[in-house]
Visitor: 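First the structure, then my questions, so here it is.
Within every chain, numbering begins at 1; the chains are lettered A, B, ... in the order of the sequence lines, protein sequences first and strands thereafter. Computed from a prediction, not measured in an experiment: that's the story for all the values here.
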Protein chains: 2
Amino acid sequence: MAKPVGIREVAEAAGVSVTTVSHALNGKGRLPLETRTRVRAVAADLGYTPRIAARNLGGGRSGLIGLFMSEAEGLPSTLSGNNYFTELLGAATGAALEHGYALVLATAANSQSEPWRRWALDGAIVVDPVRGDPVLTALREADMPLVTTGRPTDGIETYWVDNDIVAGTRSMLDHLARRGARRIALIDSAPIRSVGLDLREAYAAFCADTAMAPMIAEAAWDLSEHAGFDAALQLLERADPPDAIYTSYDRLALGVLLAADASGLSVPRDLLVAGCTDSVAARMSSPSLTVLTLNPTDVGTRAVELLVALLEERPAPEHEYVATGIISRGSTRRSSRRGRNLPAVGLAEQLGELAAEAG
Amino acid sequence: MAKPVGIREVAEAAGVSVTTVSHALNGKGRLPLETRTRVRAVAADLGYTPRIAARNLGGGRSGLIGLFMSEAEGLPSTLSGNNYFTELLGAATGAALEHGYALVLATAANSQSEPWRRWALDGAIVVDPVRGDPVLTALREADMPLVTTGRPTDGIETYWVDNDIVAGTRSMLDHLARRGARRIALIDSAPIRSVGLDLREAYAAFCADTAMAPMIAEAAWDLSEHAGFDAALQLLERADPPDAIYTSYDRLALGVLLAADASGLSVPRDLLVAGCTDSVAARMSSPSLTVLTLNPTDVGTRAVELLVALLEERPAPEHEYVATGIISRGSTRRSSRRGRNLPAVGLAEQLGELAAEAG
DNA sequence: TCCACAAGCAAAAACGTATTGCCTAATTCC
DNA sequence: GGAATTAGGCAATACGTTTTTGCTTGTGGA
């Protein structure tokens, strides 16, 4: 067990003082370039890594970014079965490490213990904050540098990275209309995040523009297939049922597919279905599901980079939008001649998409 | 901006020295119970939270646990579309916070920077280490308390939490045999993790026991539906095609479903299909997919608790097994009378399962 | 020639906690 | 009743880095 190499060892090896080493490595002080490079070389040679804990003690940076999953009371874990969040998390982790930071995971459930206190986080990312999220206000009060994905809905001003949900929703509704839909219904849960509010806003605007009567069914908060199923049945049993359903989450849309099946309706012949957020399940359902992807990878990366820029006091945009995109699949395909849903069609498409991904 | 309350403030408020406060809060030293409780009350009253960085400086614990996703060269992120890992991660996060630790995410990609150095991690969890994983050996050399999920395959001795893959696989193969399968093929990628080795071992044993000729197709490492599709076609084009296929990952099995479709085979009438690890996609495919669930939630929780026990020097089992379970769904359902795959059957089942989950 | 100033570096303080050793008073043991 | 022990608590110190202060040497201008 060799003694871990600290700044002292570097100083000794380079024949200078610890001060000089610190200055050389951090670009502070007034040192001739020669000394700077020499010290750096020695440090690298010895495999020196500053201990963040020590640096942090003196008021410096901890190199830790908290990633908070905002959760509402009684909701299941954001993470569970949530492809959007998973992708976002993976991208954020990579981006953080790339900039010399590490991601610390935290949930609202344990926010009472105030992790930012214990671990002296440099900054925090709150993913899709729900209305009245105590974590968000607590972080704000603690003056924690803060970036949210999705906008806070409480009038709290933060830096954020968001999708242009209004535009994206509009494009999806247009997509459905182009495919022949005349009565498009919306399924979502009670809006407690900015994404939900934007969705309703866009839907209302679309209805106004096209003189279409709004049809909204509210899904249970757990956002499961079950919730989508129930909400869809509610819509399909109306006297004037919709001919297309758009949902705010892909798992809801998968439930809609089941409900259509149960109601003896064929998708896409009798009913067009589309969801928001992409996932393996959306690709593999039958028929495969047309979705509005929110590009969670980009959202996660941009959020981290925005926060890091903030921390390092580089100029950064207060707000940033990430593009959405429509992935058109079987559930909104124009009906085939034979009027039935050909599995083979879905198959070819699925494999085509997979190949495109691989390539 | 009030001055953050430190141990000094608590000491002053309680009318004792900082030493006494430290001892009272950490259960060290010799103090009468009365003093202990009083100091604790004062600390709680002031909202005191020890700063981990400072504690860590004196050789104490950082309260940070590294969670490393072991990845092989050229493989896509473990996280992407991987329900197993996602569930594990969520559970691990919660368990860690419950014990006063926080999870730090790290990937193999950036392991060169040796995060455990920078952030002084107390311990690490490596998820399903691949053979020759440099992270694992580096952590081992740094004497980092270590728990892996799945066993290391390099002869490295660590604490681990694992599924009994051998027994689980056997039960699944039995399940398929009971459903009438006589020629069960296996699809997996080249075994670079303990789970793969166990799977092959169990398969080989099953073949020996039942005098069944082994049929193994190797899938591409990306473990996508595409990989499963290719491997399945390879099997189905044989002169003696299998009547059941078991895959080492659910997304591979989803690819098998597509391949069966493309080959004009009906699942489960002509071919039984089962996968390993559960997911939303497995539940929502058509037919829904029978899987061997590895209960990732338990694996994650147990791994954290084992590591925490290690760190706190409580007695802990070196190795621990988490139960697997067969979730029987449409893809291994005994063919219905009418000999075709009724969507309604899959539907009822899916919703039943969802209801059971909700209840 | 002397002073002001810059450059280069060393010494020391500060950060907040845990730990070690020591001191006093109280108790127990002969 | 004296000595030994124990309980209770405090002061001092260590941890590794950054930052502040200050010292020395050299250099230019007055």
Visitor: For A:Thr20 and B:Arg51, take the nucleotide of DNA chain C holding the closest heavy atom to each; which residue's nucleotide lies nearer the 5' end?
Guide: A:Thr20
Visitor: What's B:Asn56 touching, base or sugar-phosphate or nothing? Going by heavy atoms closer than 4.0 Å.
Guide: nothing
Visitor: Tell me: CG of B:Leu33 to C1' of D:dA7, nearest whole Å?
Guide: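 My rounded result for the distance is 14 Å.
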Visitor: Roughly, in whole Å, what's the span from CD1 in B:Ile52 to C1' in C:dT17?
Guide: 11 Å
Visitor: Between B:Thr19 and B:Ser22, is there a side-chain donor-acceptor contact under 3.5 Å, judged purely by atom types and distance?
Guide: no
Visitor: For A:Val16, which contact category applies under a 4.0 Å heavy-atom criterion: base, sugar-phosphate, or nothing?
Guide: sugar-phosphate
Visitor: Looking at D:dT17, I'd like to know if its phosphate oxygens (OP1 or OP2) sit under 4.0 Å from a side-chain N or O belonging to A:Tyr48.
Guide: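 Checking D:dT17 against A:Tyr48, a side-chain N or O does come within under 4.0 Å of OP1 or OP2.
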Visitor: Test for a donor-acceptor pair under 3.5 Å between the base of D:dA11 and the side chain of B:Thr19, counting only N and O atoms.
Guide: yes
Visitor: Assign each of B:Thr35 and B:Ala54 to its nearest nucleotide of DNA chain D by heavy atoms, then name whichever residue's nucleotide is nearer the 5' end.
Guide: B:Thr35
Visitor: Find the distance B:Leu57:CG to C:dT19:P and express it as a whole number of Å.
Guide: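 It works out to 13 Å between those atoms.
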Visitor: Base, sugar-phosphate, or nothing: which does B:Ser22 touch, judged by heavy atoms less than 4.0 Å apart?
Guide: base
Visitor: Quickly work out the A:His23 NE2 to D:dT18 C1' distance and round it to whole Å.
Guide: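 Computing the A:His23:NE2 to D:dT18:C1' distance gives 8 Å.
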Visitor: Would you mind classifying the nucleic acid contact of B:Arg30 as base, sugar-phosphate or nothing, using non-hydrogen atoms under 4.0 angstrom?
Guide: base
Visitor: May I have the distance from A:Arg61 (atom CZ) to D:dG16 (atom P), rounded to whole angstrom?
Guide: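 Nearest whole value for this atom pair: 23 Å.
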Visitor: Expressed in angstrom and rounded to an integer, what is the separation of A:Asn26 atom CG from D:dG16 atom C1'?
Guide: 13 Å
Visitor: Tell me: CH2 of B:Trp119 to P of D:dG16, nearest whole Å?
Guide: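 My rounded result for the distance is 19 Å.
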Visitor: Hey, mind stepping through A:Arg8 and A:Glu12 against salt bridge (Lys or Arg N to Asp or Glu O under 4.0 Å) and telling me if it holds?
Guide: CA-CA 6 Å; A:Arg8 254 187 289 266; A:Glu12 194 173 350; over 6 Å; no
Visitor: May I have the distance from A:Arg55 (atom CZ) to C:dG16 (atom P), rounded to whole angstrom?
Guide: 18 Å
